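Worksheet: the structure to be examined is printed underneath.
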Amino acid sequence: MAANNRRMSGKKGAQVGSGGQRRRGLEGKGPTPPAEMRKGHAKQRAAQAKTRRAQGRTTQRRGGRSASELVVGRNPVVEALREGVPASTLYVQQFIDNDERVREALQLAAERGGINLMEAPRPELDRMTNGLNHQGLVLQVPPYEYAHPEDLVAAAHDEGQDPLIVALDGVTDPRNLGAVVRSVSAFGGHGVLVPERRAAGMTAGAWKTSAGTAARTPVARATNLTRALEAYKKAGVIVVGLAADGEAELGDLEALDGPVAIVVGSEGKGLSRLVGETCDVRVRIPMPGGAESLNAGVAAGIVLYEAARRRI
């Protein structure tokens with residue numbers, strides 16, 4: 001009888017509920033977001049690509065930034081501070097032997113202002129400098145803000161002057177770049193143009209050689225030097241290349257009176273083929289002494305002097 005009662009009973013035991021998940025699952029999720037905001041949608045990918053292209057154009061227009069640089073060692077750090085090389089942080093090793101150079105570095109950094117002084121253990125400085133002999137002093141040089149090639153022409157026009165620009169082709173020694181910047185500043189030029197790759201940049205060495213003139217003479221960086229020179233030509237600038245076998249002599253070059261970009265090649269190879277073909281005219285500097293070539297800094301200085309003399 002008990003068995004029959006169990007079979008006939010309609011009473012159910014405890015049931016496990018969904019915890020409200022089914023009810024929440026039936027609730028709406030709000031309005032559908034625009035296609036540009038939906039992950040993986042073709043329109044979102046197109047919008048992201050457009051943003052990346054716009055950011056790339058902005059970086060190119062501004063000329064870009066170089067990487068930060070470290071000046072390592074007591075003498076190099078003191079010399080950089082003396083020459084006014086821009087600096088953001090001076091790292092000093094803990095428990096360092098306080099000699100005359102260390103004291104001068106600390107004094108120069110304090111007098112200039114705007115330079116952070118950081119004390120760091122030797123292992124940390126070893127790591128920062130990849131094991132170089134830092135002697136307890138490391139100076140961080142902030143990234144250099146390059147101008148855009150068009151900015152050099154625009155600056156000349158803003159001053160009501162014809163552009164006078166020096167472009168460097170294949171010059172890899174930062175000291176030559178610094179010397180050219182110094183000459184451009186001395187003879188009233190409007191800036192220096194360098195390629196982005198396989199060329200010297202505005203390092204601490206270039207700053208030192210420029211003797212502080214890099215603070216007021218812009219350096220522009222071009223992704224492609226040939227295209228930048230072609231853009232100058234379209235803007236009415238005469239592109240003059242320096243070459244030992246140039247068809248014209250410097251003293252006979254009337255183009256120096258007007259808007260001109262002077263292109264200087266490396267001491268060993270001279271102008272590259274494409275850059276040489278882009279120049280409107282190639283000129284030679286007469287050298288009665290018989291020297292085979294001049295370094296970029298000296299050659300640029302001679303031509304800039306001739307240009308300045310004609311423009312007085």
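These numbers were taken from a predicted model, which means no experiment stands behind them.
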Do the non-hydrogen side-chain atoms of [X] and [Y] ever get within less than 4.5 Å of each other?
{"X": "V72", "Y": "M128", "answer": "no"}
{"X": "Q94", "Y": "R122", "answer": "no"}
{"X": "N116", "Y": "S88", "answer": "no"}
{"X": "L250", "Y": "R284", "answer": "no"}
{"X": "D99", "Y": "R74", "answer": "yes"}
{"X": "R82", "Y": "L108", "answer": "yes"}
{"X": "I262", "Y": "L304", "answer": "yes"}
{"X": "P163", "Y": "H157", "answer": "yes"}

Going from [atom1] on [X] to [atom2] on [Y], what distance comes out if it is rounded to the nearest 0.5 angstrom?
{"X": "R221", "Y": "E145", "atom1": "CZ", "atom2": "CD", "result": "10.0 Å"}
{"X": "L152", "Y": "T217", "atom1": "CG", "atom2": "OG1", "result": "10.5 Å"}
{"X": "L225", "Y": "R197", "atom1": "CG", "atom2": "CZ", "result": "11.0 Å"}
{"X": "S210", "Y": "E83", "atom1": "OG", "atom2": "CD", "result": "8.5 Å"}
{"X": "N98", "Y": "L106", "atom1": "CG", "atom2": "CG", "result": "7.0 Å"}
{"X": "I302", "Y": "L294", "atom1": "CD1", "atom2": "CG", "result": "5.0 Å"}

Test: [X] and [Y] ion pair at under 4.0 Å:
{"X": "R273", "Y": "E277", "answer": "yes"}
{"X": "E230", "Y": "K233", "answer": "no"}
{"X": "D162", "Y": "R311", "answer": "no"}
{"X": "R310", "Y": "E254", "answer": "yes"}
{"X": "R282", "Y": "D245", "answer": "yes"}
{"X": "R127", "Y": "E124", "answer": "yes"}

Do [X] and [Y] belong to the same hydrophobic cluster, where Ile, Leu, Val, Met, Phe, Trp and Tyr are linked whenever their side-chain heavy atoms lie under 4.5 Å apart, directly or via other members?
{"X": "V138", "Y": "V92", "result": "no"}
{"X": "V219", "Y": "Y232", "result": "no"}
{"X": "L168", "Y": "V237", "result": "no"}
{"X": "L271", "Y": "I238", "result": "no"}
{"X": "V71", "Y": "L132", "result": "no"}

Derivation and outcome, salt bridge (Lys or Arg N to Asp or Glu O under 4.0 Å), residues E306 and R309: CA-CA 5 Å; E306 180 66 16; R309 185 184 67 82; 2.6 Å; yes
Residue R103 excluded, over 12 heavy atoms near CZ under 6.0 Å: yes
Within 6.0 Å of CD in E100, more than 12 heavy atoms from elsewhere: no
Quick check: closest heavy atoms across [X] and [Y], and the distance to 0.1 Å?
{"X": "G265", "Y": "A296", "result": "O-CB, 4.3 Å"}
{"X": "A147", "Y": "P218", "result": "CB-CB, 4.3 Å"}
{"X": "V263", "Y": "C279", "result": "CG2-SG, 4.3 Å"}
{"X": "A220", "Y": "Y146", "result": "C-CD2, 4.4 Å"}
{"X": "T129", "Y": "L125", "result": "OG1-O, 2.8 Å"}
{"X": "I96", "Y": "G136", "result": "CD1-O, 3.6 Å"}

V240: which of D280, V303, L253 passes side-chain contact (heavy atoms from CB on, under 4.5 Å): L253
Non-neighbouring partners of R112 that pass side-chain contact (heavy atoms from CB on, under 4.5 Å), sequence neighbours left out: L81, A87, I115
Which pairs would a plain distance check flag for residues 173-195, meaning a side-chain donor or acceptor within less than 3.5 Å of a matching protein atom at least two apart in sequence or in another chain?
unit_1	atom_1	unit_2	atom_2	d
D173	OD1	R175	N	2.9
D173	OD1	R175	NE	3.3
D173	OD2	R175	NE	3.4
D173	OD2	R175	NH2	3.1
S183	OG	A179	O	3.3
S185	OG	R216	NE	3.4
H190	ND1	L164	N	3.0
H190	NE2	Q161	OE1	2.7

